[in-house]
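Order of the sequence lines sets the chain letters (A, B, ...), proteins ahead of strands, with each chain counted from 1.
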Protein chains: 2
Amino acid sequence: MAGSRLTPSRPCRKMVAPIPSPFPSRSDPLPMDVTEKAQTAARGRRIRRENVERILKAAELVFAEAGCAGATMADIADKAGLPKANLHYYFGTKEDLYRAVLDNILRLWLDPLAGLDASADPATALTAYIRAKMDASRLRPNASKVFANEILHGASQIGEFLAEDLRRLVDRKAAVIEQWISEGRMAPVDPRQFFFMIWSMTQHYADFEVQVRTVLGRKKLTRDDFAHFTAEVVRMVLRAGGLAPPDDPVSCTGGVPGES
Amino acid sequence: MAGSRLTPSRPCRKMVAPIPSPFPSRSDPLPMDVTEKAQTAARGRRIRRENVERILKAAELVFAEAGCAGATMADIADKAGLPKANLHYYFGTKEDLYRAVLDNILRLWLDPLAGLDASADPATALTAYIRAKMDASRLRPNASKVFANEILHGASQIGEFLAEDLRRLVDRKAAVIEQWISEGRMAPVDPRQFFFMIWSMTQHYADFEVQVRTVLGRKKLTRDDFAHFTAEVVRMVLRAGGLAPPDDPVSCTGGVPGES
DNA sequence: CCAAATCTTGACCATTTGATCAGATTAAAT
DNA sequence: ATTTAATCTGATCAAATGGTCAAGATTTGG
């Protein structure tokens, strides 16, 4: 279990906490005994699986709304419909729970980009990528917010993820962009800045949703609103990359598991 | 003074707190007596002015690093080099201090966009705007982070600012873009989405600095790094708006007061 | 130089909140 | 059925933290 007895370690306040491993770790259900048969059990035990799921869902919501420090175990417990002591039973500490929520999100984070293939048509591939990201912003805004919050406050929990997994993936995909450029199929751009552009623009619609909504004078953003945003983002990004819009064989919108 | 005796009001946790007025309010130094001669005094009293400045600076840093809920008065006091009780003397509550920090930032927020003039050359005007925003991200990253954090968690403190001041300004400047479009000087884009693009891209370099730095493998982002980012952002945004790069009479970088 | 106003600050609360635990309850295994 | 493992949970605690206060120090105004 993580340090918590002797060193309170100030859960989320200053975040000098230990940085977790990059990916393969499964950090949520540890109290079974000490993490040992957590793997086998995580699949088997029905009750455990259901409760873990419920807690993670509630936690993502609360962490998104209040940040790591602002979230309270009591609030999460309420939203999950379980007594507070139960959260500590499944997840040792608040920080452990926070990390578990982050873990889920990280997994989700790399997927869309991983699909970018050099052999595809640039405009088509990028359009699909942007759509996937916009879908994620629409369907999993809380995941995006938790991630944004973590980065915003120093990424002390996911430093290794950024430096290892994400960095590697970006290196690989930057090569794809560079290849397209060298083949004359795209305007010359710094591939990494190009990715930053796509990330910031698409995530903006989740992280800054309140601002978007308010400036637009909307009460609530609808599916149609998002369709418009998506089309507009695609247009602008493609032009930024010196690309004509793809033939658009069919306006498939991809899709992400989703929560709301 | 704000409610704190009977209704703890949970400062930053859930943010159901009262929304401040849009702009003309000066919410920082109220303990003098009850805000009355705050205005005249704020200018006069030397000690007060210096301490208020010191506290605000430290507060912006801590709020940026830890968020509103994660920040502690003790930490801010340390960074400001003053005893904690002193903060409560100048600013009533933590929430008041947070609002004062936000107030400063909001003022800073509208300025660059306000300069966008319809009579100017689109490419030149937008380039200047983007540079101003990138300078702000480089020189006042903490301001950007505090703002981002506030939006991310529901903007309960600046709802009125968004709905009134910012909305109005955006409406006015969207008209400028639309005019340029109708004059055939820009590609047709949704002006508001275009602004979102500029905001998200430029603020990304402050709010997500850790990610940018880590993915790029840098230890620290230099002035040159930012110059490169800026050039790249300008290029991409202009292309997105169907604009050729401006003649660039002189590569003036504008400038923002700055803190670091 | 005196008095009023302003500022300073260590000591001190009250509340919040993460975390623990032991006994009760339920599910799984034999 | 009986034992073992897993789960539940109310009560409780200790630390962290926002906020208060009153006495003292300093500055300002006349």
Side-chain angles (χ1 to χ4, degrees), chain A residues 1-14 17 29-34 36-38 40-42 44-52 54-55 59 62 66 68-78 80-98, chain B residues 1-14 29-33 36-38 40-42 44-52 54-55 59 62 66 68-78 80-98:
Chain A
M1 199 172 301
S4 64
R5 192 81 48 113
L6 293 180
T7 307
S9 89
R10 285 205 290 173
C12 301
R13 293 269 172 187
K14 201 44 190 306
L30 38 112
M32 198 176 199
D33 69 275
V34 196
E36 267 185 69
K37 14 184 186 169
T40 64
R45 307 268 167 281
R46 201 190 82 255
I47 297 179
R48 164 172 287 264
R49 204 185 39 211
E50 288 179 1
N51 283 344
V52 163
R54 266 240 289 277
I55 295 171
V62 175
C68 182
T72 71
M73 294 298 272
D75 196 9
I76 297 173
D78 275 351
L82 293 171
K84 192 178 60 159
N86 227 333
L87 308 205
H88 285 103
Y89 172 72
Y90 285 109
F91 303 85
T93 71
K94 177 181 168 183
E95 198 174 346
D96 289 337
L97 175 55
Y98 178 68
Chain B
M1 203 170 297
S4 64
R5 192 80 48 112
L6 293 179
T7 307
S9 89
R10 283 204 292 174
C12 300
R13 294 268 171 188
K14 201 46 191 307
L30 38 113
M32 199 176 197
D33 71 274
E36 268 185 68
K37 15 185 186 169
T40 65
R45 307 266 167 282
R46 200 189 84 256
I47 297 179
R48 164 172 285 264
R49 204 185 39 211
E50 287 180 1
N51 283 344
V52 162
R54 267 241 289 277
I55 295 171
V62 174
C68 182
T72 72
M73 293 299 273
D75 196 9
I76 296 173
D78 275 353
L82 293 170
K84 191 180 62 158
N86 229 333
L87 307 205
H88 285 103
Y89 172 72
Y90 286 109
F91 302 84
T93 70
K94 177 181 168 183
E95 199 174 344
D96 289 336
L97 176 54
Y98 178 67

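Under 4.0 angstrom from either OP1 or OP2 of dC7(C) there lies at least one side-chain N or O belonging to Arg48(B). Residue Asn51(A) places none of its side-chain N or O atoms closer than 4.0 Å to OP1 or OP2 of dA6(D). For the OP1/OP2 pair of dC8(D) and a distance below 4.0 Å, the side-chain nitrogens and oxygens of Tyr90(A) include at least one atom meeting the criterion. Put simply, Asn86(B) has no side-chain N or O that comes within less than 4.0 Å of OP1 or OP2 on dG10(C). Residue Arg13(A) places at least one side-chain N or O closer than 4.0 Å to OP1 or OP2 of dT17(D).
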Step-by-step side chain to side chain contact (heavy atoms under 4.5 Å, CB included) determination, Met73(A) to Leu97(A): CA-CA 10 Å; Met73(A) 294 298 272; Leu97(A) 175 55; 4.2 Å; yes

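Across all non-hydrogen atoms, the minimal contact from Ile76(B) to Ile55(B) is CG2-O, 4.2 Å. Nearest heavy-atom pair across Ala77(B) and Leu87(B) is N-CD1, 3.7 Å. Looking at every heavy atom in both residues, Ala69(B) comes nearest to Gly70(A) through CB-CA, 3.4 Å.
Residue Lys94(B) has its side chain nearest to dG18(D) when only dC21(C), dG18(D), dC21(D) are considered. Taking only side-chain atoms of Ala85(B), from C-beta outward, the nucleotide of dC21(D), dG10(D), dA19(C) with the closest atom is dC21(D). Side-chain proximity of Ile47(B) to dT27(D), dG18(C), dT9(D): nearest is dT27(D).
In this structure, His88(B) places its NE2 atom 4 Å from P of dG19(D), rounding to the nearest Å. Rounded to whole angstrom, the span from the OH atom of Tyr98(A) across to the P atom of dT17(C) amounts to 18 Å. When rounded to the nearest whole Å, the span between CD1 of Ile76(A) and P of dT16(C) equals 18 Å. To the nearest angstrom, C1' of dT17(D) lies 15 Å from CD of Glu95(B). Rounded to an integer number of Å, the gap from CD of Glu50(B) to C1' of dT8(C) is 15 Å. Between Met73(B) atom CE and dT16(C) atom C1' the separation is 17 Å, expressed in whole Å. Between Leu82(A) atom CG and dC8(D) atom C1' the separation is 10 Å, expressed in whole Å. At whole-Å resolution of the value, CD1 in Ile55(B) and P in dC7(C) are 11 Å apart.
Note on Ala71(A): only backbone sugar-phosphate atoms sit closer than 4.0 angstrom, heavy atoms only; bases stay farther off. At a threshold of 4.0 angstrom between heavy atoms, the contacts of Ala69(B) with the nucleic acid are absent.
Counting distance only, with no hydrogens placed and no angle test, the side-chain atoms of Lys84(A) and the base atoms of dG18(C) include a donor-acceptor pair under 3.5 Å.
Under 4.0 Å is where a charged nitrogen must lie from a carboxylate oxygen, and between Glu50(B) and Arg54(B) no such pair does.
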